[in-house]
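A short write-up of the structure that comes next.
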Amino acid sequence: MAQNNFSTHHGMVDILPEEAAKWQYLESLIRDVARSFHFEEIRTPILEQTELIARGIGALTDIVSKEMFAFSRGEDNYVLRPEGTAPVARAYIQHSLQQRGGTQNLFYIGPMFRAERPQKGRQRQFHQFGAEVLGSADPLADAEIIAFMMEVYKRIGVKNMVLKLNSVGDPESRAAYKTALQDYFRPFLSQLSEISQARFDKNPMRILDSKEPEDQHIKANAPKITDYLNEDCSNHFEKVKSHLDRLGITYILDPFLVRGLDYYTKTAFELTSSDLGGQDALGGGGRYDLLIEELGGKATPAVGFASGMERLLIVCEELGIELAKPKSVDVYIVTRGEVAQAWAMENIRTIRETGLSATMDLSGKSMKAQMKDADRKGARFAIIVGEDELQQGLVNFRVMADSTEESISFTDALAKLNT
RNA sequence: GAGCCUGUAGCUCAGUUGGUUAGAGCGUCAGAUUGUGGCUCUGAAGGUCGUGGGUUCGACCCCCAUCAGGCUCCCCA
């Protein structure tokens, strides 16, 4: 044991081989869904300019005000990206992706960073997969994004999910609503929780999001934003709902659903699971028609979602969904003596070239130990060679499952492997 | 950032009111089987008892701090 025990930083974990196999499965499933929806992958840097995140997500949000991993180097300010949408929007502008024509239907999978206090389902480095449709104001895009998200969970077999849907309106609708909300809450101001009181002036909509017990009965009768939507927002919302109905995607309307990022307009949604515990959001998203303009691009309507990989894994664990079968190797070459080791090192390539997986002992263990290793690795066949066999031009070909073994040429063994 | 709970081998856990060399199962490695896995038997390795202080003749056990994890908030993925 080393004297210095290094470990991962607070809230950051290693993904060990058994876990990594599950990740590979989930990632490939997500890629399959992306392929069938014909969304193209985009990979953006993990470090972005701090100002991009602050401007995109909103300086007053929790993420920007207290959860960023940021540092400076010379003149430049770096931040580990806390979410994926602002970077994708930045890339869209930087590379003039609208020039590719049509809407840009993009997806991503990757690590995100937020300096929150870790707990189950919440880490400082976590992973999201998400998708964006950039360049469409049509409710079709909202429906497509939600359908994409739901398809991932459907293919995995996740149950007990609730899709919450709301519209947070546009600036005009929101201004009217904000006034109505403040008028409603003002008489109760002293009874509200401290947090909610602080939100009263700047962002009264967030009061609706409160889980503080003293706020619940007060907010229960608060005006609903859906009653304050202007005609454009209202029509949009109705069309999103009817598209979802047509797709057979069930949802519940949650007039108090307010998301924590400033850039949302119109559609907002969140997918929650009762199998998650305290951190119950599997994913969420919405429309952000003003973000790209805010970041300096041409006004471009867009909609997207983001989902947590770790939370998806927790849900699968809770539901007993098997994500990864035990990995096994096709062929294990067991050797005795240096001549045989050298022969194996050279000829294992031939097996691999046929498309089968093959491995051998790399540490000079006894044959018994090699056999045990072959068993542990789930080898279907063992090819056992020593100097005697090599002199006769033969190998021992063993079928592990039934322990049958025959002495044949390596060429014949190769033929048998592929039957 | 706040409150509560937990922290003993790689893993899951024992450890008697504080009392000598801290245990088990699983796993790992080796032997029984001088060239052959899964079962069985035998043996070995593996622990600064999360870390650092303090109390005490003596601390895995009591106290404080700290780190890490869990739960509830906050908030989100």
Side-chain angles (χ1 to χ4, degrees), chain A residues 1-5 7-13 16 18 57 61-67 81-85 109-130 149 193-196 198-199 206 209-215 257-261 270-273 276-285 305-315 332-337 340 361 363 365-389 395-405 407:
Chain A
M1 189 76 68
Q3 293 210 328
N4 265 334
N5 281 328
S7 65
T8 52
H9 276 297
H10 192 41
M12 300 188 181
V13 302
L16 301 177
E18 290 76 11
I57 299 176
T61 58
D62 286 354
I63 291 176
V64 171
S65 62
K66 59 188 185 189
E67 298 171 0
R81 63 183 185 193
E83 57 100 48
T85 298
I109 305 176
M112 306 294 166
F113 303 82
R114 294 181 198 172
E116 292 187 275
R117 178 157 175 176
Q119 65 183 68
K120 189 176 186 184
R122 189 166 72 192
Q123 292 161 202
R124 290 183 158 195
Q125 175 175 342
F126 61 104
H127 299 77
Q128 287 185 332
F129 63 95
M149 180 175 82
S193 65
E194 209 173 312
I195 301 157
S196 294
R199 288 169 173 167
R206 294 295 300 281
D209 216 16
S210 167
K211 289 176 188 166
E212 298 293 325
E214 63 263 46
D215 295 345
L257 174 65
V258 179
R259 312 211 75 244
L261 289 67
E270 191 166 283
L271 186 67
T272 61
S273 165
L276 276 175
Q279 309 305 320
D280 68 351
L282 271 173
F305 82 90
S307 277
M309 295 284 289
E310 284 83 358
R311 292 186 185 177
L312 177 51
L313 283 160
I314 291 170
V315 164
Y332 193 108
I333 304 187
V334 175
T335 60
R336 175 178 163 78
D361 170 55
S363 64
K365 286 178 189 291
S366 69
M367 289 188 69
K368 182 190 174 77
Q370 292 180 57
M371 287 301 295
K372 201 172 174 180
D373 197 33
D375 185 52
R376 177 171 36 216
K377 288 181 162 68
R380 287 159 57 214
F381 305 104
I383 288 177
I384 304 162
V385 292
E387 288 185 37
D388 299 348
E389 287 84 354
V395 300
N396 290 320
F397 182 80
R398 184 182 182 88
V399 180
M400 295 297 280
D402 57 15
S403 300
T404 57
E405 193 168 313
S407 193

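As a basis for the values below, the full set of heavy atoms in this structure was taken, side chains included, without hydrogen atoms, waters or symmetry mates. Throughout, a chain's letter reflects where its sequence line sits, starting with A, and its residues are numbered from 1.
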Distance-only donor-acceptor test, [X] side-chain atoms vs [N] base atoms, 3.5 Å:
X	N	answer
A/Glu270	B/rA77	no
A/Gln370	B/rU36	no
A/Glu389	B/rG35	yes
A/Arg376	B/rG38	no

Would you measure the distance from the [atom1] atom in [N] across to the matching atom in [M] and give it in whole Å?
N	M	atom1	answer
B/rG25	B/rU36	P	28 Å
B/rU12	B/rU33	C1'	32 Å
B/rA68	B/rU51	C1'	10 Å
B/rG15	B/rG52	C1'	24 Å
B/rG58	B/rG19	C1'	7 Å
B/rG31	B/rG38	P	13 Å
B/rA45	B/rU40	P	23 Å

Shortest side-chain distance from [X], nucleotide among [options]:
X	options	value
A/Pro118	B/rG69, B/rC29, B/rG37	B/rG69
A/Gln128	B/rA30, B/rG35, B/rA77	B/rA77
A/Lys365	B/rC29, B/rA32, B/rC71	B/rC29
A/His10	B/rA68, B/rG70, B/rG35	B/rA68
A/Arg114	B/rA77, B/rG38, B/rG35	B/rA77
A/Asn396	B/rG37, B/rC29, B/rG35	B/rG35
A/Gln119	B/rU72, B/rA77, B/rU36	B/rU72

Student check: side-chain heavy atoms of [X] and [Y] closer than 4.5 Å:
X	Y	answer
A/Phe129	A/Leu312	yes
A/His9	A/Arg124	no
A/Ile384	A/Glu405	yes

Report the residues that fulfil side chain to side chain contact (heavy atoms under 4.5 Å, CB included) with A/Glu387, sequence neighbours left out, ordered by chain and then residue number.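 Residues passing side chain to side chain contact (heavy atoms under 4.5 Å, CB included) with A/Glu387: A/Val339.
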Contacts of A/Ser403 meeting side chain to side chain contact (heavy atoms under 4.5 Å, CB included) (sequence neighbours excluded), chain-then-number -> A/Arg398
Secondary structure of RNA chain B in dot-bracket form (Watson-Crick or G-U wobble, distances below 3.5 Å, | marking inter-strand pairs): (((((((..((((.....[...)))).(((((.......))))).....(((((..]....))))))))))))....
Using nucleotides 3-6 of chain B, report all nitrogen or oxygen pairs with the protein that are shorter than 3.5 Å.
residue : atom : partner  : partner atom : Å
B/rG3   : O6   : A/Arg117 : NH2          : 3.4

Among all residues two or more places apart in sequence or in another chain, which pass the salt bridge (Lys or Arg N to Asp or Glu O under 4.0 Å) test with A/Lys120? A/Glu318
Can you name the residues that form a salt bridge (Lys or Arg N to Asp or Glu O under 4.0 Å) with A/Arg336, not counting sequence neighbours?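 Partners of A/Arg336 by the salt bridge (Lys or Arg N to Asp or Glu O under 4.0 Å) criterion come out as none, since no residue qualifies.
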Just one of A/Met12, A/Glu310, A/Met112 clears the side chain to side chain contact (heavy atoms under 4.5 Å, CB included) bar with A/Gln125, so which one? A/Met12
A/Arg122 CZ to B/rG69 C1', in whole Å, measures 14 Å
Nearest-Å distance for atom pair CG/P, residues A/Asp402 and B/rU36: 19 Å
Under the 3.5 angstrom rule, does the side chain of A/Arg114 hit a backbone N or O of A/Lys66 as a donor-acceptor pair?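 No; zero donor-acceptor contacts below 3.5 Å.
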